[in-house]
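The structure presented is a predicted model; accordingly, all values stated were derived computationally and were not measured. Order of the sequence lines fixes the chain letters, A, B, ..., with proteins taken first and strands second; residue numbering starts at 1 for each chain.
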Amino acid sequence: MIRVYTKIDLPLAPALYRMEQAGIRIDLAVLDGLSKRFALELERVGERIFELAGRRFNVNSPKQLGEVLFTHMGLPAPMVRGKGKVVSTAQDILEQLAEAHEVPRLVLEFRHLSKLKSTYIDSLPLQADTESRVHTTFQAAATATGRLSSVNPNLQNIPIRTELGREIRAAFVAAPGMQLLSADYSQIELRLLAHFSQDPLLVRAFANNDDIHTLTASEVFGVPAESMDKETRNRAKAVNFGIVYGISPFGLAAQLGIPQAEARAYIDRYFARYQGVKEFIEKTLETARSEASVRTLFGRMRPIPDIQSRNPNQRGFAERTAINTPLQGTAADLIKLAMIALDRKLAEKKLKTRMLLQVHDELVFEVPPEEAAEVETLVRTEMEGVVALRVPLIADLGFGQNWRDL
DNA sequence: CTCCTCACG
DNA sequence: ACGTACGTGAGGAGA
């Protein structure tokens, strides 16, 4: 671990310091506009919920909401949990109920609006400095895998997955006369899986820069790539994520909303096709058992004490952790090395470009227009060339005035 | 302070 | 029989 410390985490520290000092500019007028829009919409959706439910209550209270949905309204409660809590009002449960009832659909809409308003729209302006910039703290020794974390505020979980949430990214802007540049690694964990496993199908696919989810769909479901629908590709995407997480029939079934037996059949098909991956997982588990730990490509170690547990549940957790950690942890090591190299190059070349954010597989920079061409080449070269693997590393880059449009 | 929920990769 | 997808941080409710 001395090598990990001296080659990665120690030299990263000054780069993180400069990123924290720089901060990123937010457009207060954009957030102010969103706050007013969201307030009106929350009012409208809330009143409609009260109307249909026949009573007024705090929609943000899971306790009160559970009483209204499952006792007062008599909706079926599919999930029974441990003692104390009778029902879950979590998203996946409400999504099932929403197929048949208006109220759970409206509750989901209310929750979405409420989450975005309180966590981002209304809180970020309170944390901005006199130049409207927000400065996160990157915790460098917080996670079990070697990732960074971001606190006060967390700038690693700014919304992007929904259109409504994405609007918030428009409030993250370049300083006057500057541009934002985002550069993210494409499928880095699956590329690392290909590297570690040397699975011929995976290695060949990445060598050709093929769509990996489409490939898995073809292999597992037997559908030709040409006639593939979105739904089939999405199921295969869930399978690929599952592999990286340390797959289980239960987890895959829950994610896809299918019976466990069906999920088990998908997994069996996957391992029949990707035998190198199957062998990689078996070898990784054997090492985890004999060492009671696993390591990243660069030697970063994570103890896995529960790998020998007689409790099957704890052991299952440990096994999935043992599979996931070398992938997630090596990806974390790689982007840290790229950050160290880029921080040094920017200083060496006396560029005005500043590195602002890291979001696990993405880096965000603030770039003066006259440096755009040089920085684009520099960032791509350093990220893709950080280490030579059995498959190519690819970074996707985009410029924009804000974090939504790039 | 804990629990539930949900935002991200 | 048990009961789980991997890694995080933050807000609101309620004790």
Side-chain angles (χ1 to χ4, degrees), chain A residues 57-66 79-82 84-85 87-95 107-108 110-124 126-127 136-139 142-162 164-166 168-169 184-190 193 238-256 260 263 267 294 302 304 306 309-329 331-332 335 357-363 403:
Chain A
F57 63 101
N58 186 346
V59 183
N60 278 325
S61 163
K63 186 164 173 243
Q64 294 181 37
L65 178 62
M79 191 76 170
V80 182
R81 292 206 169 167
K85 188 102 171 65
V87 291
S88 167
T89 66
Q91 195 161 269
D92 54 332
I93 303 295
L94 295 189
E95 276 165 4
V107 169
L108 287 168
F110 186 96
R111 282 233 183 105
H112 189 217
L113 292 163
S114 177
K115 174 84 174 184
L116 298 177
K117 188 169 188 292
S118 65
T119 306
Y120 306 101
I121 296 170
D122 290 343
S123 81
L124 283 170
L126 305 176
Q127 317 197 45
T136 189
T137 299
F138 288 108
Q139 298 194 137
T143 72
T145 56
R147 277 188 175 183
L148 302 176
S149 84
S150 162
V151 295
N152 302 322
N154 182 354
L155 296 183
Q156 288 182 324
N157 73 343
I158 303 303
I160 191 169
R161 293 177 186 175
T162 68
L164 212 47
R166 220 183 158 86
I168 294 169
R169 293 209 164 202
D184 68 286
Y185 280 116
S186 163
Q187 308 282 14
I188 188 164
E189 289 176 355
L190 286 169
L193 178 65
V239 171
N240 280 332
F241 272 107
I243 295 296
V244 171
Y245 290 160
I247 205 159
S248 72
F250 180 94
L252 184 62
Q255 179 63 37
L256 292 178
Q260 249 185 86
I267 294 167
V294 292
R302 178 175 184 177
I304 314 279
D306 286 352
S309 173
R310 271 78 64 212
N311 179 329
N313 191 30
Q314 282 185 21
R315 196 170 61 244
F317 263 120
E319 288 172 354
R320 295 192 292 275
T321 301
I323 300 306
N324 175 260
T325 294
L327 300 169
Q328 187 182 128
I335 196 166
L357 297 177
Q358 188 252 44
V359 191
H360 308 307
D361 64 356
E362 172 187 16
L363 297 174
W403 202 7

| query | Can you tell which of C:dT4, B:dG9, C:dG9 lies closest to the side chain of A:Gln260? | reply | C:dT4

| task | May I have the distance from A:Arg166 (atom CZ) to B:dC8 (atom P), rounded to whole angstrom? | result | 11 Å

| query | Under 4.0 angstrom, heavy atoms only, what part of the nucleic acid is A:Arg111 near: base, sugar-phosphate, or nothing? | reply | sugar-phosphate

| Where is the tightest heavy-atom contact between A:Ile243 and A:Leu193, given as atom of each residue plus distance? | CG2-CD2, 3.8 Å

| query | If you find the nucleotide of DNA chain C closest to A:Gln328 and the one closest to A:Pro312, which residue's nucleotide is nearer the 5' end? | reply | A:Pro312

| task | May I ask you to evaluate whether A:Arg161 reaches the phosphate of B:dG9, defined as a side-chain N or O under 4.0 Å from OP1 or OP2? | result | yes

| request: Indicate yes or no: at least one non-hydrogen side-chain atom of A:Leu164 is less than 4.5 angstrom from one of A:Leu113. | output: yes

| Do you know which of A:Gln64, A:Lys63, A:Arg111 makes side-chain hydrogen bond (donor to acceptor under 3.5 Å, both in side chains) with A:Thr89? | A:Arg111

| said: The side chain of A:Pro159 is closest to which nucleotide in this list: C:dA5, C:dA10, B:dC8? | reply: B:dC8

| Is A:Thr145 near enough to C:dG7 that one of its side-chain N or O atoms lies under 4.0 angstrom from OP1 or OP2? | no

| Integer-rounded Å distance: C:dG12 C1' and A:Tyr120 OH | 14 Å

| query | Using purine N1 to pyrimidine N3 plus N6-O4 or O6-N4 for Watson-Crick, or N1-O2 and O6-N3 for G-U wobble, both under 3.5 Å, which nucleotide pairs with C:dA13? | reply | B:dT2

| said: Please confirm whether the shortest side-chain N or O distance from A:Asn60 to OP1 or OP2 of C:dG14 is below 4.0 Å. | reply: no

| task | Look at the side-chain N and O atoms of A:Asn324 and state whether any lies under 4.0 Å from the OP1 or OP2 oxygen of C:dA5. | result | no

| request: Would you mind reading off the distance between A:Gln358 atom CD and C:dG7 atom P, rounded to a whole angstrom? | output: 17 Å

| remark: Considering only heavy side-chain atoms of A:Ala142, the closest of C:dG14, B:dA7, C:dG9 is C:dG9

| remark: A:His112 atom NE2 is separated from C:dA10 atom C1', nearest whole Å, by 16 Å

| request: Please work out if A:Ala331 contacts a base, only the sugar-phosphate, or nothing of the nucleic acid, heavy-atom cut-off 4.0 Å. | output: nothing

| field | Neighbour count above 12 (heavy atom, 6.0 Å) for A:Phe57 CZ | value | yes

| message | Can you check the distance between B:dC4 and C:dG3, where both ends of the measurement are the P atom (answer in whole Å)? | response | 15 Å

| request: Quick one: label A:Thr325 by what it contacts on the DNA or RNA (base, sugar-phosphate, nothing), any heavy atom closer than 4.0 Å. | output: nothing

| message | Distance criterion of 3.5 Å, no angle test: do you see the side chain of A:Arg320 paired donor-to-acceptor with the base of C:dG7? | response | no

| task | Determine yes or no for a side-chain-to-main-chain donor-acceptor pair under 3.5 angstrom, with A:Tyr120 supplying the side chain and A:Asn157 the backbone. | result | yes

| task | For A:Asn154 and B:dG9, give me the distance from atom CG to atom P, rounded to whole Å. | result | 11 Å

| query | From C:dA5, C:dA10, C:dT4, pick the nucleotide closest to the side chain of A:Leu252? | reply | C:dA5

| request: From the options B:dA7, C:dT8, C:dA1, select the nucleotide whose nearest atom is closest to the side chain of A:Ser149. | output: C:dT8

| task | For A:Ser248, report the nucleic acid contact type (base, sugar-phosphate, nothing); a contact means any heavy atom under 4.0 Å. | result | base

| task | Check whether any side-chain nitrogen or oxygen of A:Gln156 sits under 4.0 Å from OP1 or OP2 of C:dA10, and answer yes or no. | result | no

| request: Consider the side chain of A:Gln91, meaning its heavy atoms from C-beta on, and name the nucleotide among B:dC6, C:dG7, B:dC4 that approaches it most closely. | output: B:dC6

| note | Testing C:dT8, C:dA5, C:dG14 for proximity to the side chain of A:Tyr245, the answer is C:dA5

| Quick one: is C:dG7 close enough that its OP1 or OP2 comes under 4.0 Å of any side-chain N or O from A:Arg302? | yes

| request: Write down the distance separating the C1' atoms in B:dA7 and C:dC2, rounded off to the nearest Å. | output: 31 Å

| Distance below 4.0 Å between A:Ser61 side-chain N/O and C:dG14 OP1 or OP2 | yes

| note | Closest to the side chain of A:Asn157, out of C:dA1, B:dC8, C:dG14, is B:dC8

| query | Within the pair A:Arg147 and B:dG9, is there a side-chain N or O less than 4.0 Å away from OP1 or OP2? | reply | no

| field | Side chain of A:Thr321 (C-beta onward), nearest among B:dA7, C:dC6, C:dG9 | value | C:dC6

| request: Determine, for A:Phe317 and A:Arg315, whether the Lys NZ or Arg CZ falls below 6.0 Å from the six-membered ring centre while staying within 45 degrees of the axis. | output: no

| query | How close or far is atom P of C:dG7 from atom CG of A:Leu148, stated in whole angstroms? | reply | 17 Å

| said: Heavy atoms only, 4.0 Å cut-off, all strands: where does A:Asn311 land among base, sugar-phosphate and nothing? | reply: nothing

| task | Quote, to the nearest angstrom, the P distance that separates C:dT4 from B:dT5. | result | 14 Å

| field | Short side-chain N/O contact from A:Ser88 to OP1 or OP2 of B:dT5, under 4.0 Å | value | yes

| What is the distance, rounded to the nearest whole Å, between atom CD of A:Gln64 and atom C1' of B:dT5? | 15 Å

| A:Gln156 side-chain N/O to A:Gln358 backbone N/O, donor-acceptor pair under 3.5 Å | yes

| Would you say a side-chain N or O of A:Thr89 is under 4.0 Å from OP1 or OP2 of B:dT5? | yes

| Counting side-chain heavy atoms from C-beta on, which of B:dG9, C:dA10, C:dT4 comes nearest to A:Asn313? | C:dT4

| note | Rounded to whole Å, NZ of A:Lys63 lies from P of C:dA15 at a distance of 5 Å

| query | Would you say A:Gln314 reaches C:dC2's phosphate, i.e. side-chain N/O to OP1/OP2 under 4.0 Å? | reply | no

| Side chain of A:Ser150, backbone of A:Phe138: donor and acceptor closer than 3.5 Å? | no

